[in-house]
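Worksheet: the structure to be examined is printed underneath.
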Amino acid sequence: MQNCDLIVSAAYCLPVAPNNQVFEDYALAVHQGVILEVGPRQQIEAAFQPAGSLDLSRHILMPGLINTHGHAAMTLLRGAGEDQALQAWLTDTIWPLEGRLMNSEFVGLGTELAIAEMVRSGTTTFSDMYFFPEVVAKTAAELGVRVQIAFPVIEMPNAWSTSVEEGFHKGLALHDEYRHHSRVNVAFGPHAAYTVSAENLTKVGTYANELDTNVQIHLHENAAEVADAFARQGKSWIDHVHEVGLLGPNLQAAHVTQVTEAELDLIAACGAKVLHCPSSNMKLASGTCPVGRFHQAGVCVGLGTDGAASNNRLDLFKEVHLAALLAKHSSADPTQGAAADMVRMATLDGARALGIDHLTGSLQANKSADFISINLDHVGMLPLYDPFATVVHGNCGDAVDHVYVAGEPLLHDKTFTRIDAAELAGRVNHWHRTQV
């Protein structure tokens, strides 16, 4: 028998890959943070001698969720700007609040709150695009989650950078600092094509290609943005991003609610990824990402919450549920948004979108042991007919009770291992009383 650190067995297992199907009475063996083997429980127990075990006899075992787009520290602006359209929400509410409140302490506290919320509801990897990215990276590393940091590239001076040149300098230094970190990846985060010059977008593309790293950008978030593009330059922002050489396999385009067939084909041909944020898009009435059409064209689509200021929650299971309903409703076709497809979008497709599917996103041998368990005896989960349907349409975020990243428990039996939830709540409430 081969020694290992841990055997995890469960009533149901959704490995997602190689075949996106349900297995009963399955287990996985973990050693030094890596999955050694996944298979029938009796087979795993016969082959491995573990130092410890986790018996989840009334649970679903699956990969951790991957939140591909968000602004973690905006948890501290949760509910601050309601019932506004995107441009008014940004210019009248969010940017003025950020201008008054933004500093490294704001980002550290807000990021810690976001990570607690995400871990508690089953997210093991998130992508962040916000100010003071070095604080986000440090906080995420300390709390054990996996993260992509898309450092901000934006023309307007802000609390983090007085110029776009300073932003490049700080961001590239951050990239060098975390170049070999096992859980932190640093990418470029140009805010949008309308807030970054063509010259600097070109520079982003050049740097990203040289460093072989990702680029995340808000793109075609609503109709007003696209109309402004044509008014300013006679073409869409998608065409503009393509012309400056940024539309390629390492580009992650957030939202993309407005797209023509020609633009959709262009995105597919260039291999760019799309990040679907249904709650935020619906709340700001920005439009609907045509996920079904993207899938038909072979485009990888990941799932994101966006920030808590435009969503109010970072429970990615809620996004999975809403994405499924939106796919059915927008197409008037109940066969769209199939539960198994939605689970894959929130896990393996999210990993593909972030370029880390070799590392995480599915329960397979030689991948990192990033997994979660869902308690089937939770009142919002009973009874069980179809595990995929239960995951997508049940009350899963509240039923998560174990969360592991690289074989390390971040949530054990619904209790945080690295976060003092009561102490964190006290600090957040104190900040709100004294700063806002």
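- Taking 4.5 Å as the limit, some side-chain heavy atom of L211 sits within range of a side-chain heavy atom of F188.
- For the pair R78 (side chain) and N311 (backbone), a donor-acceptor distance under 3.5 Å is absent.
- The line from SG of C270 to NE2 of H242 is 4.0 Å long, rounded to the nearest 0.5 Å.
- At distances below 3.5 Å, not a single donor-acceptor pair connects side-chain atoms of S373 with backbone N or O atoms of I60.
- The heavy-atom pair separating L348 from T360 by the smallest distance is CD1-O, 4.2 Å.
- Counting only distance, with no hydrogens or angles, the side chain of Q258 and the backbone of S286 share a donor-acceptor pair below 3.5 Å.
- Side-chain contact between Y404 and D370 is absent, with no heavy atoms from C-beta onward closer than 4.5 Å.
- Summarising the local packing, CG of D212 is surrounded by 12 or fewer heavy atoms from other residues, nucleotides or ligands at distances under 6.0 Å.
- Taking 4.5 Å as the limit, every side-chain heavy atom of E37 sits out of range of all side-chain heavy atoms of L28.
- Looking only at side-chain heavy atoms (C-beta outward), I238 and V259 come within less than 4.5 Å of each other.
- If you take CG on L322 and CE on M342, they are separated by 11.0 Å, rounding to the nearest 0.5 Å.
- For M282, the CE atom is loosely surrounded, since the number of other residues' heavy atoms within 6.0 Å does not exceed 12.
- Of the N and O atoms on the side chains of E263 and S236, at least one donor lies less than 3.5 Å from an acceptor on the other residue.
- In this structure, the side chains of S331 and Q336 come closer than 4.5 Å at one or more pairs of heavy atoms.
- Here CG of L363 is found 5.0 Å from SG of C13. Values are rounded to the nearest 0.5 Å.
- Counting only heavy atoms from C-beta outward, the side chains of F23 and R41 never approach each other to under 4.5 Å.
- Across all their heavy atoms, V320 and V392 have their closest contact at CG1-CG2, 3.8 Å.
- For the atom pair OG1 (T257) and CD (E225), the distance works out to 8.0 Å, reported to the nearest 0.5 Å.
- Listed by first and then second residue, the salt bridge (Lys or Arg N to Asp or Glu O under 4.0 Å) pairs that reach into residues 391-408 are R183-E408, E408-R418, sequence neighbours excluded.
- No more than 12 heavy-atom neighbours from other residues, nucleotides or ligands sit within 6.0 angstrom of NE2 on H329.
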>> Working note: H71 + D128, criterion side-chain hydrogen bond (donor to acceptor under 3.5 Å, both in side chains); need CA distance, chi angles, decisive distance, verdict.
In response: CA-CA 5 Å; H71 317 283; D128 192 64; 5.6 Å; no

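- Classified by interplanar angle (parallel below 30°, tilted 30° to 60°, perpendicular above 60°), the ring pair F168/F151 is perpendicular.
- In this structure, the side chain of D239 does not engage the main chain of K235 through any donor-acceptor pair within 3.5 Å.
- A distance-only check finds no donor-acceptor pair linking the side chain of D228 to the backbone of A224 [under 3.5 Å].
- A donor-acceptor pair shorter than 3.5 Å can be found between the side chains of D333 and T335.
- Using modelled atom types, no side-chain atom of H59 and backbone atom of I374 make a donor-acceptor pair closer than 3.5 Å.
- Remark: E82 CD is packed, more than 12 non-hydrogen atoms of other residues, nucleotides or ligands lying under 6.0 Å away.
- The minimum heavy-atom distance linking M345 with V291 is given by the pair SD-CG1, 4.2 Å.
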>> As a quick check of understanding, evaluate ring-ring contact (aromatic ring centres under 6.0 Å, His included) for H218 and H255, giving each step before the final call.
In response: CA-CA 7 Å; H218 299 94; H255 301 294; 5.8 Å; yes

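- Judged by distance alone, the side chain of E112 and the main-chain N or O of T139 form no donor-acceptor pair under 3.5 Å.
- The distance from atom OG1 of T68 to atom CG of D306, rounded to the nearest 0.5 Å, is 10.0 Å.
- A donor-acceptor pair shorter than 3.5 Å can be found between the side chains of N158 and S161.
- Contact record, G361 with A351: CA-CB, 4.0 Å, taken as the closest heavy-atom pair.
- Donor-acceptor pairing under 3.5 Å is recorded for the side chains of Q148 and Q252.
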>> Test side chain to side chain contact (heavy atoms under 4.5 Å, CB included) on I372 and H402; report intermediate values, then the result.
In response: CA-CA 5 Å; I372 64 175; H402 292 89; over 6 Å; no

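- The 12-atom threshold is exceeded at NZ of K328, counting heavy atoms of other residues, nucleotides or ligands nearer than 6.0 Å.
- With a 4.5 Å cut-off on side-chain heavy atoms, K170 and W160 count as touching.
- Q216 and H69 form a side-chain donor-acceptor contact under 3.5 Å, judged by distance and modelled atom types alone.
- In this model, no donor atom of one side chain and acceptor atom of the other lie less than 3.5 Å apart for N67 and T123.
- For the pair T213 (side chain) and V186 (backbone), a donor-acceptor distance under 3.5 Å is present.
- A distance of 7.5 Å separates CG in L90 from CD in E221, rounded to the nearest 0.5 Å.
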> Please walk me through it: do R313 and E117 pass side chain to side chain contact (heavy atoms under 4.5 Å, CB included)?
Replying inline: CA-CA 8 Å; R313 64 192 182 196; E117 183 180 356; 3.8 Å; yes

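- Judged purely by distance below 3.5 Å, without hydrogens or angles, the side chains of R344 and S362 never pair a donor atom with an acceptor atom.
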>> Does E98 form a side-chain hydrogen bond (donor to acceptor under 3.5 Å, both in side chains) with Y130? I'd like the steps, not just the answer.
In response: CA-CA 11 Å; E98 289 177 332; Y130 210 56; 2.5 Å; yes

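- The side-chain heavy atoms of L143 and L410, taken from C-beta on, include no pair separated by under 4.5 Å.
- Put simply, the side chain of K273 gets close to the backbone of G271: a donor and an acceptor are under 3.5 Å apart.
- A donor-acceptor pair is defined here as one N or O able to donate and one able to accept, closer than 3.5 Å; such a pair exists between the side chain of N214 and the backbone of L354.
- For the residue pair L36 and C4, the shortest heavy atom distance occurs at CD1-CB, 3.9 Å.
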> How far apart are the C-alpha atoms of K138 and E134, what are their side-chain angles, what is the distance that settles it, and do they pass the salt bridge (Lys or Arg N to Asp or Glu O under 4.0 Å) test?
Replying inline: CA-CA 6 Å; K138 182 175 183 291; E134 68 279 4; over 6 Å; no

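- Atom NE2 of H169 has 12 or fewer heavy atoms from other residues, nucleotides or ligands within 6.0 Å.
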>> Run V343 and M62 through side chain to side chain contact (heavy atoms under 4.5 Å, CB included) and show every step you take.
In response: CA-CA 9 Å; V343 169; M62 64 178 289; 4.0 Å; yes

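- When all heavy atoms of A353 and C300 are compared, the closest pair comes out as N-SG, 3.7 Å.
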> Do H393 and L325 pass the side chain to side chain contact (heavy atoms under 4.5 Å, CB included) test, and can you show the C-alpha distance, the side-chain angles, and the key distance before you say yes or no?
Replying inline: CA-CA 9 Å; H393 299 295; L325 298 186; 4.0 Å; yes

